[in-house]
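Just so it is clear, the model here is predicted, and its values are computed rather than measured. First listed ligand is number 1; within each ligand, the first listed atom is number 1. The basis for the numbers below is simple: all heavy atoms, side chains too, and nothing from hydrogens, waters or symmetry mates.
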Amino acid sequence: MSPIRLAIVGLGKIARDQHLPALAATPGIELVAVASRNAALDGVAHFATLAELLASGEAIDAVALCTPPQGRRELAEMALRAGKHVILEKPPGATVSELAPLVAAAQETGRTLFATWHSRFAPAVEPARAFLAEAAPRAVTITWKEDVRVWHPGQRWIWEPGGLGVFDPGINALSILTRILPLPVFVTGADLAFPANCASPIAATLDLADAGGLAVHADLDFLQTGPQTWDIAVETDRGTLVLSKGGALLSLDGQPLDLPPEAEYASIYAHFVQLVAEGRSDVDLAPLQLVADAFLLARRTIVAPFHD
Ligand code: NAP
């Protein structure tokens, strides 16, 4: 089969850092176009917008939407209706309810819609899931603390409605959590801190539970200077399992466990090639639903304004 001809839409940080190298390393797919208002790549067809790309007649089979979540639904709808397969960066949209019509559009057009959760492809995740299928979890603590000024400099969209604020990284923890636990979890309480000049939170604490009474506590912070922390600790009847560095490392009672090398985005593209070949979609909204529920249940506080 000839390779999937892909266009990247929104050539920003994640497209450059991860999508370009992963695409170059993945058989069965190739980058043929970029749609981005302010950025282009040598040797690759360039258009300012997805609408211009689709109108041009440039031969593409798929698009990877690497724009901010706000406005992504319209782009996905446009691409699916034009007969293209679609990769959605995380989070899959700005709301939960906008995804059902996209899933329906993918079904109607016979195209693949893949809502990616890159952290689920981190090396520790599948081994942790296998361990927790056998060991009874007793409590979970998520600590997700990073410096927004280091990781998201100048990204105003994060602070706008639909930008998720601290949940932009925090949803990665929830994507891992919902993959490794044996039972679904739901939100039981949340405290969100909003900077006085922002529409999305800069810090959050979250309590969740499952139907068996498992308690999950999450502490998310966007103002962490010094060491950065992306950890999930699961106490079980067989010891404490810790996924650290966003799922890059795994330990049991402090002993490091052997893992395969990191290949999050290469695995995303390999999975996409397989989904297209099999004529399937992959859209799991559980992490986004938890964030939406946190907003529903939250107590809110207003804190100092945030300036980059
Ligand atoms: P980014 O650096 O701001 O890049 C997004 C690109 O989208 C921009 O460069 C811009 O390119 C285009 N764009 C189109 N409409 C836009 C708008 N209204 N506002 C701003 N940019 C717009 O963002 P990113 O960090 O790559 O994140 C993009 C998505 O990937 C987000 O959903 C994020 O959660 C996800 N993600 C990010 C990371 C990370 O480490 N940064 C990791 C994993 C996933 P033009 O101006 O050229 O059109």
- So, are Asp219 and Lys145 salt-bridged, with charged N and O less than 4.0 Å apart? yes
Pairs under 3.5 Å, N/O atoms on ligand 1 and on the protein: can you put them in a table with the distances?
from, atom 1, to, atom 2, distance (Å)
ligand 1, 2 (O), Lys13, N, 2.9
ligand 1, 2 (O), Gln155, NE2, 3.1
ligand 1, 3 (O), Trp157, NE1, 3.0
ligand 1, 11 (O), Ser36, OG, 3.3
ligand 1, 13 (N), Arg37, NH2, 3.4
ligand 1, 23 (O), Gln155, NE2, 3.3
ligand 1, 25 (O), Gln155, NE2, 2.9
ligand 1, 26 (O), Lys13, N, 3.2
ligand 1, 26 (O), Ile14, N, 2.8
ligand 1, 32 (O), Arg72, NH2, 2.7
ligand 1, 32 (O), Lys90, O, 2.8
ligand 1, 34 (O), Lys90, O, 3.1
ligand 1, 34 (O), Lys90, NZ, 3.1
ligand 1, 34 (O), Asp168, OD1, 2.6
ligand 1, 46 (O), Arg37, NE, 3.4
ligand 1, 46 (O), Arg37, NH2, 3.0
ligand 1, 46 (O), Asn38, ND2, 2.7
ligand 1, 47 (O), Ser36, OG, 2.6
ligand 1, 47 (O), Arg37, N, 3.1
ligand 1, 47 (O), Asn38, N, 2.7
ligand 1, 48 (O), Arg37, N, 2.9
ligand 1, 48 (O), Arg37, NE, 2.9

- Message: Between Glu108 and Arg81, does any side-chain N to carboxylate O distance fall below 4.0 Å?
- Response: yes
- Could Arg238 and Asp253 be called an ion pair, given the rule that one side-chain N must be under 4.0 Å from one carboxylate O? no
- Indicate if Ile180 and Leu241 have the same hydrophobic cluster label, given that clusters are the connected sets of ILVMFWY residues with side-chain heavy-atom separations under 4.5 angstrom. yes
- Query: Is a side-chain donor or acceptor of Arg72 paired with a backbone partner of Ala94 at a separation under 3.5 angstrom?
  - Reply: no
- Message: Tell me if a side-chain donor or acceptor on Arg111 pairs with a main-chain N or O of Gly83 at a distance below 3.5 Å.
- Response: yes
